[in-house]
Asks: 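Here's a structure for you.
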Amino acid sequence: MSMELLFENRKLIGKNILNIIKDNGYTKSSFSRLTNISRPTLDKLIKGEVDSLATFKTHIQKILESQDMNEEQLLNYVPKYKTKKELVFALSDNAPENHALNPKAQEMFGILEDIVHMYELYYN
Amino acid sequence: MSELITSKNLEQVIEKNKLIKDDILRLANDFTVRFNKSGVTGQDKLSFSVLKENHLIQIPIDDEYWGGAIITKGNIKIPVINTAQPRVYQYFVAWHEIYHLLYDLNLREETHNIAVDMDLNERRADYFAAKMIFGNVYDCYYSLDDEDFIDRVIKCMDVYKAPYKAVLIELFEEAVTKYNDLDLKEKILEHFDNKPDDLVQKFIDLELDAELVKPSYVVSLGGLEKKIQNAMKENPDVSHHKDNYQFLLTLKNRIKKGVEELAK
């Protein structure tokens with residue numbers, strides 16, 4: 001199986017990478033360190049937004065090596081458990097419609113997201 | 001998302017409260033019977049102790065509107081409180097979130113697709129919070145000697161550990177629906193949209209504990225650190241627990257730096 005086929009299906013590959021991360025108890029950040037792929041690039045891979053084939057190949061190779069997988073296994077990856085529909089409720093928020101979060105608040109929401117992901121791993 | 005309450009929609013809010021009053025009073029009673037087995041008397045302590053049993057995350061987020069949330073992930077519901085907001089808001093938000101955590105049918109997995117009136121749902125959560133926090137605010141207000149309306153309201157804030165607007169809404173409801181106190185009603189409408197911007201100084205001037213109107217900046221990750229440490233002990237050969245632990249410590253340091261900047 002060629003890397004080009006994976007590239008053509010990069011949205012699906014992104015979903016599969018996310019499932020591999022969840023199934024094996026990593027966070028996006030710990031997976032980024034493990035594979036030596038920067039966090040922003042990993043996010044792009046997961047969203048299927050890497051548009052350069054060369055970059056895509058380099059990083060997918062790193063993931064395959066870290067997981068001891070081949071291209072076919074990555075393309076056809078079946079999650080160990082089906083993730084249930086996720087809901088995020090921000091319930092005590094009466095901000096006006098045009099209110100924008102400042103950068104510090106945005107950073108803290110990013111941290112909160114990482115913490116919640118760990119909760120999912122350790123409290124489920 | 002809670003609706004923004006102003007003097008213009010205050011009467012509508014009271015009308016909505018009438019619709020849900022019986023139901024919310026029943027839930028407030030249910031809560032006391034089922035969830036306060038230790039007999040905790042401080043309302044602020046009680047709400048936080050219940051949330052902590054559900055692995056409450058306390059984190060300071062530099063945003064004046066975002067008070068907290070219940071984040072649902074798969075099977076778990078995680079309460080979050082923004083500790084960069086003054087304590088009185090945190091106490092109110094804590095009860096608001098308890099409503100969602102324990103009683104909000106919309107957050108039950110099997111029913112979360114049912115379309116509900118979100119505004120009314122939020123009103124229910126706010127009304128539940130008010131009913132858990134307040135006793136007889138109307139009597140409290142009139143028992144005070146102060147001539148000044150704002151000073152009286154601040155003293156009620158201190159007694160109930162409640163936010164400015166929450167005190168006024170509760171007072172307004174009593175004045176309108178129970179006592180037909182038109183004078184108080186007018187005073188509330190006059191002051192509702194003009195929350196004093198120097199509440200800390202006003203608390204100090206009235207010889208009250210000003211900590212109530214300051215942020216606490218508490219950072220707590222609901223026992224997650226211990227949980228990962230235990231996983232490390234039980235599975236010493238699994239490397240990703242160590243990785244996750246290190247990552248969590250990095251996150252904590254980033255939060256602490258954020259707190260230092262906020263507290264400057």
Side-chain angles (χ1 to χ4, degrees), chain A residues 18-36 39 42 66-68 79-124, chain B residues 1-5 55 57 59-78 80-82 84 89 92-93 96-97 100 104 106-107 109 112-113 121-122 125-126 221-222 224 227-228 230-231 238-241 243-244 246-248 250-251 254-255 258 261-262:
Chain A
L18 187 61
N19 281 326
I20 288 169
I21 291 172
K22 286 183 173 179
D23 281 349
N24 293 288
Y26 301 112
T27 62
K28 283 184 195 168
S29 296
S30 66
F31 193 72
S32 136
R33 282 197 305 279
L34 174 80
T35 53
N36 202 21
R39 177 67 194 268
L42 181 62
S66 80
Q67 300 303 305
D68 199 17
K80 285 180 188 160
Y81 62 90
K82 283 198 169 182
T83 48
K84 286 176 183 143
K85 189 172 178 181
E86 292 179 357
L87 283 176
V88 175
F89 277 73
L91 292 162
S92 286
D93 178 1
N94 54 14
E97 276 184 19
N98 57 356
H99 174 65
L101 291 171
N102 71 43
K104 276 185 204 165
Q106 281 176 9
E107 188 196 345
M108 213 53 99
F109 276 118
I111 293 173
L112 179 60
E113 194 187 332
D114 282 332
I115 293 168
V116 166
H117 182 54
M118 281 208 221
Y119 264 59
E120 203 181 2
L121 297 175
Y122 287 94
Y123 283 106
N124 250 331
Chain B
M1 183 178 280
S2 303
E3 67 180 322
L4 188 62
I5 301 172
H55 313 297
I57 295 175
I59 186 170
I61 296 171
D62 185 19
D63 188 79
E64 63 179 309
Y65 298 108
W66 202 90
I70 301 292
I71 299 178
T72 67
K73 273 273 185 183
N75 294 326
I76 54 172
K77 290 193 250 183
I78 309 157
V80 184
I81 299 279
N82 178 8
Y89 289 123
F92 191 86
V93 168
H96 178 108
E97 301 309 346
H100 288 300
D104 186 348
N106 195 43
L107 272 188
E109 200 184 359
H112 67 240
N113 286 326
N121 203 34
E122 291 307 291
D126 275 353
L221 307 183
L224 182 60
K227 195 94 177 163
I228 301 179
N230 288 342
V238 182
S239 63
H240 67 250
H241 292 313
D243 247 13
N244 288 342
Q246 283 307 320
F247 180 54
L248 184 68
T250 311
L251 293 179
R254 280 171 60 197
I255 299 171
E261 284 174 25
L262 280 172

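Chain identifiers are assigned alphabetically (A, B, ...) following the order of the sequence lines, protein sequences preceding nucleic acid strands; residue numbering begins at 1 within each chain. Quick caveat, the model's predicted, so the values are computed rather than measured.
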Asks: Could you walk me through whether B/Phe247 and A/His117 pass the ring-ring contact (aromatic ring centres under 6.0 Å, His included) test, one step at a time?
Replies: CA-CA 12 Å; B/Phe247 180 54; A/His117 182 54; 9.3 Å; no

Asks: For B/Ile228, is it the side chain, the backbone, both or neither that has a heavy atom under 4.5 Å from a heavy atom of chain A?
Replies: both

Asks: Going from CG on B/Leu251 to OG on A/Ser29, what distance comes out if it is rounded to the nearest 0.5 angstrom?
Replies: 7.0 Å

Asks: Can you tell me which of B/Val80, B/Leu224, B/Ile76, B/Ile78 forms the most heavy-atom pairs within a distance under 4.5 Å of chain A?
Replies: B/Leu224

Asks: Taking the side chain as C-beta and beyond, is there a heavy-atom pair between B/Ile255 and A/Ile115 under 4.5 Å?
Replies: yes

Asks: Taking the side chain as C-beta and beyond, is there a heavy-atom pair between A/Asn24 and B/His240 under 4.5 Å?
Replies: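 No; the side chains remain at least 4.5 Å from each other.
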
Asks: Is there a side-chain contact (heavy atoms from CB on, under 4.5 Å) between A/Lys104 and B/Asp63 once you walk through the steps?
Replies: CA-CA 9 Å; A/Lys104 276 185 204 165; B/Asp63 188 79; over 6 Å; no

Asks: Where do B/Asp62 and A/Asn102 land on the side chain to side chain donor-acceptor pair (under 3.5 Å) test, with the steps shown first?
Replies: CA-CA 8 Å; B/Asp62 185 19; A/Asn102 71 43; 3.1 Å; yes

Asks: Could you check if a side-chain atom of B/Arg254 sits within less than 4.5 angstrom of a side-chain atom of A/Glu107, using non-hydrogen atoms only?
Replies: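 Contact flag for B/Arg254/A/Glu107 side chains = yes.
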
Asks: Which residues satisfy the salt bridge (Lys or Arg N to Asp or Glu O under 4.0 Å) test with A/Arg33, sequence neighbours excluded?
Replies: none

Asks: Counting only heavy atoms from other residues, nucleotides and ligands, does the tally under 6.0 Å from CD of A/Gln106 exceed 12?
Replies: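 Yes, enclosed.
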
Asks: Quick one: does A/Thr27's side chain get under 4.5 Å of B/Leu248's, heavy atoms only?
Replies: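 The answer is no; the side chains never approach within 4.5 Å.
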
Asks: Evaluate the criterion side chain to side chain donor-acceptor pair (under 3.5 Å) for residue pair A/Tyr26 and B/Asn244; output intermediate values, then yes/no.
Replies: CA-CA 7 Å; A/Tyr26 301 112; B/Asn244 288 342; over 6 Å; no

Asks: Evaluate side-chain contact (heavy atoms from CB on, under 4.5 Å) for B/Trp66 paired with A/His99, printing each intermediate quantity in order.
Replies: CA-CA 11 Å; B/Trp66 202 90; A/His99 174 65; over 6 Å; no

Asks: Distance-only, no hydrogens or angles: does the A/Tyr119 side chain make a donor-acceptor pair with backbone N or O of B/His55 under 3.5 Å?
Replies: yes

Asks: Could you walk me through whether A/Met118 and B/Leu221 pass the side-chain contact (heavy atoms from CB on, under 4.5 Å) test, one step at a time?
Replies: CA-CA 10 Å; A/Met118 281 208 221; B/Leu221 307 183; over 6 Å; no

Asks: Checking heavy atoms, do the side chain of A/Phe109, its backbone, both or neither come under 4.5 Å from chain B?
Replies: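 It is the side chain, since no backbone atom gets that close.
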
Asks: Determine the minimum heavy-atom distance between B/Gly222 and A/Tyr123, stating which atoms define it.
Replies: O-OH, 2.8 Å

